[in-house]
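One structure is given below, encoded as structure tokens.
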Number of protein chains: 2
Amino acid sequence: MPASPAVATAGSATAGQGTRRRAGRPVGGVLDKGGITEGALGLIEKKGYDGLTMAALARSLNVAPSALYNHVKSKRDVLLLVEDHLASLVDVSAFGAGPWEDAVRKWAWSYRDVFSRHTPLIPVIAVLPVTDAPQTLAMYETVSSGFRDAGFPEERIVSSIVALESFIFGSAYDVTAPADIFDPGTMAEATPSFTGAVRSLAEQGHERPADVAFSLGLEALISGLGGLRG
Amino acid sequence: MPASPAVATAGSATAGQGTRRRAGRPVGGVLDKGGITEGALGLIEKKGYDGLTMAALARSLNVAPSALYNHVKSKRDVLLLVEDHLASLVDVSAFGAGPWEDAVRKWAWSYRDVFSRHTPLIPVIAVLPVTDAPQTLAMYETVSSGFRDAGFPEERIVSSIVALESFIFGSAYDVTAPADIFDPGTMAEATPSFTGAVRSLAEQGHERPADVAFSLGLEALISGLGGLRG
DNA sequence: CTTATAAATGAATGGTATTCATTTAGTGGT
DNA sequence: ACCACTAAATGAATACCATTCATTTATAAG
């Protein structure tokens, strides 16, 4: 059933992303980085990150697993393609269109929301050289430009962004945590202060406790970092 | 060479952690949760998290891989044991022994340092019910008690700790990032603002740029969250 | 001595990413 | 119209990996 080599030629397309091919190349390939990214995203949406295997990805593209390795060096490369695509979904539109505080707020919430649905990528981003991720780099350019215009001293811009980003990544995990994560269980009597604090928060009846913590931390960071401006 | 069942009986010990065994049990086991934790920690130290396989762990305990499954349900259980042990290494000594700001500062730096050497555990902690991690729970008790004594309203204690923790976990990743992670490479001309900001930080010549960002964010959080006290 | 049981074994199982020699099929030059 | 080149596909093989299971061993209790 695995179709003869060029049978599926008609499909996907989405070509022309970056990688200009040299002359003298056949046009038959079903695959390219764009198509692989799309396939991976679709697979993640349907089956989650556990379902994202090289075999499943190849299958969704009607291709043998080994064919993928003509286009990506490793599975990590696939994750990188996905990550960079996600960066383009982060909302940076408020930078340059209003006060710095509002822009950071909008950007941070959007950034957290995007990656809270893709937490398995966070360890990948953390050590990802931006060189390999053009969309991610574009996001940084817009954000750092917004910080500069807001009056940040140049040598503090990157550190401030990194601090915010660290908080954002950590908070993305919180969103996925089970509701009863802080239930002390049988140890409740041994931990009265913590147990009381957990109960008290629960009684507030917030829809999403993770949002309360995120808002609290974000506002603290915004006002604290905002004080660095000249 | 894989020794007859009870040959290594003399070893490890470290018994008595929680799991009281019922009467009528042989004493021959080389393994218990304490021994497994020690073995895993040693392996991580020597070979890193890639080297922590069930086979390698069993080998380091002079036991067959399948034997481990009499004591843990899965590899995730092993990671959990390790995580809980690490929680006991976090320095909470300053709570109750000085101003709240200093206690949080000391705790946060210590917390980040411990987990920056164990980042593969971060995704595990994030969704780990504290019930299964007594040492972790003990840490929370001390910290939340410190927040309470400092005058935090009860319903804000957990959210404040979560916000700090999120920042700490995200920052732990930064420590492990390669030095050139922000090198824009060939895209430098396309991203003048970001490139300038990166250069400017580099010229400051900080030993560990991650520490600058962490300090910046932590101080912002401390002063922002500190304002919640009654 | 018998019986029950925790704890060990080793052989399988099913899944994983990745490599490699080989084949296919377009493209440009002659 | 042929040829040489090469990107891109194949499928079989490799080396791990966590996990399961029927079986065996060794101790402790009655």
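Numbers restart at 1 for each chain; the letters A, B, ... are given by sequence-line order, proteins then strands.
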Exercise. Roughly, in whole Å, what's the span from CZ in A:Arg59 to C1' in C:dG15?
Worked result: 16 Å

For this session: Using atom CG of B:Leu68 as one end and atom P of C:dA6 as the other, report the distance to the nearest whole Å.
Result: 18 Å

Report, one pair per line, the protein and nucleotides 17-21 of chain D atoms (nitrogen or oxygen only) whose separation is under 3.5 Å.
from	atom 1	to	atom 2	distance (Å)
D:dA18	OP1	B:Met54	N	3.2
D:dA18	OP1	B:Lys75	NZ	3.1
D:dA18	OP2	B:Met54	N	3.0
D:dT19	OP2	B:Tyr69	OH	2.8
D:dT19	OP2	B:Lys75	N	2.8
D:dT19	O5'	B:Tyr69	OH	3.4

Exercise. What residues form a side-chain hydrogen bond (donor to acceptor under 3.5 Å, both in side chains) with B:Thr195, not counting sequence neighbours?
Worked result: B:Thr191

Exercise. Given atom CG of B:Leu61 and atom P of C:dA7, what is their separation to the nearest angstrom?
Worked result: 14 Å

Seminar exercise, completed: To the nearest angstrom, the CG-P distance between A:Asn62 and D:dA8 comes to 18 Å

Problem set entry | Results of ring-ring contact (aromatic ring centres under 6.0 Å, His included) for B:Phe115 - residues two or more places apart only | B:Tyr111

Exercise. Taking NZ, NE, NH1 and NH2 as the nitrogens, is one of them in A:Asp211 or A:Arg112 under 4.0 Å from a carboxylate oxygen of the other?
Worked result: yes

Exercise. So, is B:His71 close to the C:dA8 phosphate, meaning a side-chain N or O under 4.0 Å from OP1 or OP2?
Worked result: yes

Exercise. Is B:Asn70 side chain donor-acceptor paired with the C:dA8 base, going by distance under 3.5 Å alone?
Worked result: yes

Problem set entry | Test side-chain hydrogen bond (donor to acceptor under 3.5 Å, both in side chains) applied to A:Thr136 - qualifying residues, sequence neighbours left out | A:Glu83, A:Asp84

Problem set entry | Partner set under side-chain hydrogen bond (donor to acceptor under 3.5 Å, both in side chains) for B:His85, not counting sequence neighbours | none

Problem set entry | By ring-ring contact (aromatic ring centres under 6.0 Å, His included) - contacts of B:Tyr140 (at least two apart) | A:Phe182, A:Phe194

